[in-house]
Amino acid sequence: MSEKKKIYKPKPVSGFPEWLPEYRAVEQRWLDKIRAVFESYGYCSIETPAVEELEVIAAKGEDVDKEIYVLERLQADPDEKKDARLALHFDQTVPLARYVAQHFADLTFPFKRYQMQKVWRGERPQMGRMREFTQCDIDVINVDSLPLHFDAEVAAICYEALAAMDMGRVQLRVSNRKILLGLLENIGVKNPAEILRLIDKMDKIGLLEFKVQLEGTTEKEVKNAIIQFVELSNAVKENPSNASGLLRDFIARNDVIARSGSDAAIQMMNEGIEELDFVLKQLEHLGDGVVADLSIVRGLDYYTGTVYETQLLDVPEFVGSVCSGGRYDDLAGSYINKHLPGVGISIGFTRLFDVLRQAGKIEPGPKSPADVLVVLPSEERRDEAAQAARTLRERGMKVELYHAPQKVGKQISYAEKKGIPYVWFPPFEDGLAHEVKNMSTGEQTEASPNDWTI
RNA sequence: GCGACCGUAGCUCAGCUGGUAGAGCCCUCGGUUGUGAUCCGAGUUGUCGCGGGUUCGAGUCCCGUCGGUCGCCCCA
């Protein structure tokens, strides 16, 4: 009686992506390139644990709570309530804050670090949105004050990292929150969050729909000022090189601002304009890869100045940002009694990779890293084959030795399927020479493991 | 978390208004002796997501449930 084996049918867990070897190879190559660019600017690497105490993560507050995965044992002890609850981190900025506070005495400031790790968010997955994904973060943190220079530097680094991969045109869009926040405060907006969210959606919904949704949110005078700002924002988009001129002009002409404004608010706007101006000037060498875009707001409320988003111009079907960040006045205020301003930007690596993969923009790599497959002619000749493989490996090649003395055709077809470019034939009989076959041309020549090169 | 759609072999899917499962790909073997990608032949593979209901009979209809895709919220 043959009882049927119970099979648990494998299925993917939605939002937890995994790739086949040929795509994983590309992913690894890309990560190496990003790392190389980060390090070329002198940023160091750190890694923090996958989990933090829930208290630490929830310090960011509000509606990110619902995205946090908590960690617990299936069979928890009844008295385990006493222990701190653990949670998977949902970004790398909060762990960085904790890290900096914790190792404050041992770090050298400005602290420049990059971090490439998985993060987890309990969201409904869809195109470009996962529950587990890799982010490549780069941040600078300093004590008391942080030069504006870094706002430009981190953006330039990320742009360079993206350019190092073959992904078509990307555009980094920069704004400064002080401009919009100053304006809204200035004109006395009572529900800034709602307005900000709406402005952030401008690109997606268009000016017409924007005006419709703006109806009923606030009084007329304020509304007009906002619409004027959005029109200004569109004008800047059309003529990004004149961003600061357009902005200054806007303030000078706007009678709502002139009449009702508080000095502090106007000062904030001006500050924002100065800062944006400086950052854009520092990034001029990147051409139209970097533009001003006043409609960029960013949801996370700790950003206080410069903010960034990045679009893949050659994948129009995906409008989300693949690389975002900004400046925060005080990163670690909730963990240490120091003032630690910072600026950082994060490449949404998995999003970037998956969107490009689905758009057919990524050429898969070989299924094996090997350069050479050494054929095993027979058990009697295994030593000779293994020796040839060792010699080639010692000379720097990646070499796989076939595992069983099967028919030669089978061994070659294995190399073909795995994308191994060369097949090595040890002598099949005493006195014969080694041979090597180039799989793409089919050409086969005599060769010696001691001096053959690819 | 809310809404719409979907769930048949490892993969992509077919299965008409209910009558007890099929194709292509993949995989394995073969088309003699030491050479792949083509071609030809043969073969293996399914609790039709799960549970219940209607029916003489359900992959096919109904309910529930779980999973997936997309949209919204939000974001990398």
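Order of the sequence lines sets the chain letters (A, B, ...), proteins ahead of strands, with each chain counted from 1. Because the structure is predicted, anything quoted here is derived from the model rather than measured.
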[N] pairs with, by Watson-Crick or G-U criteria that keep both distances under 3.5 Å:
| N | value |
| --- | --- |
| G57(B) | none |
| C72(B) | G1(B) |
| C6(B) | G67(B) |
| A21(B) | none |
| G43(B) | C27(B) |
| C16(B) | none |

Tell me the interatomic distance from [X], atom [atom1], to [N], atom [atom2], rounded to whole angstroms.
| X | N | atom1 | atom2 | value |
| --- | --- | --- | --- | --- |
| Gln126(A) | A76(B) | CD | C1' | 13 Å |
| Tyr402(A) | U35(B) | OH | C1' | 13 Å |
| Leu198(A) | C74(B) | CG | P | 11 Å |
| Tyr414(A) | C27(B) | OH | P | 13 Å |
| Ile420(A) | A37(B) | CD1 | P | 16 Å |

Base, sugar-phosphate alone, or nothing: which one does [X] contact when heavy atoms must sit under 4.0 Å apart?
| X | answer |
| --- | --- |
| Gln135(A) | sugar-phosphate |
| Phe349(A) | nothing |
| Met130(A) | base |
| Leu432(A) | base |

*Find which nucleotide of RNA chain B each of Ser14(A) and Glu416(A) is nearest to by heavy atoms, and output the residue with the more 5' nucleotide.*
Glu416(A)
*asked:* By nearest heavy atom, map Pro426(A) and Gly320(A) onto RNA chain B; which one lands nearer the 5' end?
replied: Pro426(A)
*Look at the side chain of Arg121(A) and the base of A76(B), then say whether one donor and one acceptor between them are separated by less than 3.5 Å.*
yes
*Look at the side chain of Arg124(A) and the base of C73(B), then say whether one donor and one acceptor between them are separated by less than 3.5 Å.*
no
*Can you find a side chain N or O atom of Lys410(A) that sits less than 4.0 Å from OP1 or OP2 on C29(B)?*
yes
*Ignoring backbone atoms, test whether Lys417(A) places a side-chain nitrogen or oxygen under 4.0 Å from the OP1 or OP2 oxygen of C27(B).*
yes
So, are [X] and [Y] salt-bridged, with charged N and O less than 4.0 Å apart?
| X | Y | value |
| --- | --- | --- |
| Arg29(A) | Asp32(A) | no |
| Glu400(A) | Lys418(A) | yes |
| Glu271(A) | Lys178(A) | yes |
| Lys361(A) | Asp314(A) | no |

Nucleotide nearest [X] when distance is taken to its side chain, options [options]:
| X | options | answer |
| --- | --- | --- |
| Arg197(A) | G34(B), C73(B), A76(B) | C73(B) |
| Val13(A) | A76(B), U35(B), G68(B) | G68(B) |
| Ser413(A) | G36(B), C75(B), C73(B) | G36(B) |
| Gln444(A) | U28(B), A76(B), G34(B) | G34(B) |
| Arg129(A) | C29(B), C73(B), G68(B) | C73(B) |
| Ser324(A) | G36(B), U35(B), A76(B) | A76(B) |
| Ser321(A) | U35(B), C70(B), A76(B) | A76(B) |
| Lys201(A) | C73(B), U35(B), C75(B) | C73(B) |

*Roughly how far apart, to the nearest Å, are C11(B) and U54(B) at atom P?*
34 Å
*So, Phe349(A) versus Phe133(A), ring centres under 6.0 angstrom or not?*
no
*asked:* For Trp30(A) and Phe353(A): C-alpha separation, side-chain torsions, deciding distance, then whether ring pair (Phe, Tyr, Trp, His ring centres under 6.0 Å) applies.
replied: CA-CA 9 Å; Trp30(A) 283 20; Phe353(A) 191 80; 5.5 Å; yes
*Under 3.5 Å, is there a donor-acceptor pair between the side chain of Gln411(A) and the main chain of Leu376(A)?*
yes
